[in-house]
Amino acid sequence: MNMLMKLLVTGGAGFIGSNFIHYMLGAHDDVSIINLDALTYAGNLENLQSVENDDRYTFVKGNICDRDVVFDLVKDVDAIVHFAAETHVDRSIMEPAIFLNTNVLGTQVLLDAAKEYDKRFHHVSTDEVFGALGQNDAPFNEDTPYDPRSPYSAAKAASDHLVRAYYHTYGVQITISNCSNNYGPYMFPEKVLPLFITRLMADKTVPVYGDGLQVRDWIHVTDHNRGVDMILRKGRIGETYCLGGKDAEINNLNLTKLLLKIMGKDESHIEFVKDRAGHDFRYAVDYSKAQKELGWEPQVSLEEGLTDMVEWYLSHQDWVERCLSGDYQAYYDKQYIKR
Ligand code: NAD
Ligand code: DAU
């Protein structure tokens with residue numbers, strides 16, 4: 001990779017993408033970033049307010065399915081780091097079509113542009129493509145067969161296959177990361193942790209699906225993004241790397257109890273609700289390939305990371321309010337006209 005690295009980050013106004021931009025601009029002087037984001041309900045430019053005036057950062061509002069926009073941007077960068085996606089499993093159950101459009105067809109447009117201009121392409125994917133584990137199954141690794149079970153994970157699996165197909169067929173310089181459940185600042189309050197934190201901030205109950213015994217493997221978003229950075233710089237072309245949390249396998253009920261403890265709330269706040277359709281029982285990730293090849297491993301323990309996350313939400317009540325009220329769209333309009 002060049003010393004001066006010009007990146008096209010897609011989906012950089014979302015949760016992981018905005019954390020990635022902060023991470024990369026903070027960690028490296030030799031990086032500049034163009035952030036291409038359609039600003040769906042999940043995109044929030046307020047996440048990037050502190051880098052708006054950084055010369056190394058540019059925002060472009062646009063859709064990854066728009067070939068003209070994508071080709072125009074890709075020709076001038078060294079690498080694409082592809083985060084943009086529809087990402088919430090419950091929304092994919094309600095309305096699958098947009099998941100296929102963005103996650104599959106949008107990825108194909110980016111791959112076409114990477115092929116045309118011979119650019120490095122890193123695809124950010126999920127451990128959900130591997131399906132669901134039983135209690136005693138070995139964790140997912142890079143050789144686990146694909147078995148997606150929700151419209152979201154099926155669309156992400158299709159995109160992973162396309163990325164590998166462009167490597168094998170056209171020689172596009174790709175890498176893929178399959179990561180477990182992320183948490184941290186700037187997380188839109190619809191996924192379980194930010195939803196529960198923001199509800200508890202308002203002293204409301206938290207809706208636990210089914211019996212709450214499903215297991216997830218939690219990784220702090222900074223650990224994930226450091227992994228993506230290392231794959232970009234040191235990953236072998238054509239390879240996939242699984243990234244997971246630091247001893248962070250926990251079932252939803254115990255996660256909820258840990259959160260209640262951190263927030264000083266009692267268990268009367270737990271409300272059991274109807275289960276998610278096709279609810280995957282367990283995800284867990286074996287990250288030993290990334291550890292061995294890249295020297296990457298997660299550093300943030302769940303209790304430490306969750307405590308920090310709660311503190312961040314408590315000290316960003318305005319951000320929470322604006323997310324919940326949709327006011328950040330007004331923020332964008334204001335910001336855009338000003339430019
Ligand atoms: P997010 O939903 O918070 O953000 C998605 C971003 O993509 C938003 O800014 C949105 O505006 C943008 N976007 C959506 N459709 C677009 C389109 N057609 N064109 C341009 N921009 C578009 O998502 P996230 O949780 O930050 O996830 C980012 C990536 O990481 C996704 O690819 C997801 O599959 C993957 N991932 C997420 C997790 C997790 O726990 N959240 C774990 C592993 C992998
Ligand atoms: O594993 C990586 C994936 O993690 C990412 O690819 C997805 O983009 C991300 O959304 C996440 O998927 P999950 O379905 O695991 O995350 P979610 O936060 O929606 O749910 C986590 C667990 O909590 C899951 O078992 C369902 C449960 N849950 C979720 C919600 C929203 C509840 O019990 N109650 C809820 O209200």
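For ligands, and for the atoms within them, numbers begin at 1 and follow the listed sequence. When reading the values below, keep in mind they use all heavy atoms of this one structure, side chains included, and skip hydrogens, waters and symmetry mates.
- When heavy-atom distances to ligand 2 are checked against a 4.0 Å cut-off, Asp90 comes that close only through its side chain, counted from C-beta outward.
- No part of Val273 comes within 4.0 Å of ligand 2, judged by heavy-atom distances.
- Taking a cut-off of under 4.0 Å to the non-hydrogen atoms of Ser125, the atoms of ligand 1 that pass are 43 (C), 44 (C).
- Distances below 4.0 Å separate heavy atoms of Asn181 from the following atoms of ligand 1: 40 (O).
- Protein heavy atom in closest approach to atom 26 (O) of ligand 1: Ile16 N, 2.7 Å.
- Of the protein's non-hydrogen atoms, the one nearest atom 5 (C) of ligand 1 is Ala85 O, 3.5 Å.
- Atom-to-atom distance recorded for Arg226:CZ and Ile219:CD1 is 8.0 Å, nearest 0.5 angstrom.
- Under 4.0 Å from ligand 2, heavy atoms of Val192 appear from its side chain as well as its backbone.
- Looking from atom 34 (O) of ligand 1 to the surrounding protein, the closest heavy atom is Tyr152 OH, 2.7 Å.
- Using modelled atom types, no side-chain atom of His224 and backbone atom of Tyr183 make a donor-acceptor pair closer than 3.5 Å.
- The heavy atom nearest to atom 15 (N) of ligand 1, considering only Asn63, Leu39, Thr102, is found in Thr102.
- Residue-level proximity to ligand 2 for Asn252 is carried by the side chain, the only part with a heavy atom below 4.0 angstrom.
- Listed by atom number, the atoms of ligand 1 under 4.0 Å from Lys191 heavy atoms are 25 (O), 41 (N).
- An N or O contact shorter than 3.5 Å is missing between Cys179 and ligand 1 by distance.
- A ring-centre distance under 6.0 Å is not found for Trp296 and Tyr241.
- Using a 4.0 Å cut-off between heavy atoms, Ser153 makes no contact with ligand 2 at all.
- Backbone and side-chain nitrogen or oxygen atoms of Thr87 are examined, and one is located within less than 3.5 angstrom of a nitrogen or oxygen of ligand 2.
- Side-chain contact annotation: His122 with Thr175, donor-acceptor N/O pair under 3.5 Å present.
- Nearest to atom 42 (C) of ligand 1 among the protein's heavy atoms is Ser180 O, 3.3 Å.
- The single protein non-hydrogen atom nearest to atom 11 (O) of ligand 1 is Asp37 OD1, 2.6 Å, given as residue, atom name and distance.
- At the shortest separation from atom 23 (O) of ligand 1 among protein heavy atoms lies Thr87 CG2, 3.2 Å.
- Ligand 2 lies within reach of Glu190, whose nearest heavy atom is under 4.0 Å from it.
- Contacts between Met187 and ligand 1, counted as non-hydrogen atom pairs separated by less than 4.0 Å, are absent for every part of the residue.
- Of all the atoms in ligand 1, the ones that sit under 4.0 Å from a non-hydrogen atom of Gly62 are 19 (N), 20 (C).
- The nearest heavy-atom contact from the protein to atom 20 (C) of ligand 1 is Ala38 N, 3.2 Å.
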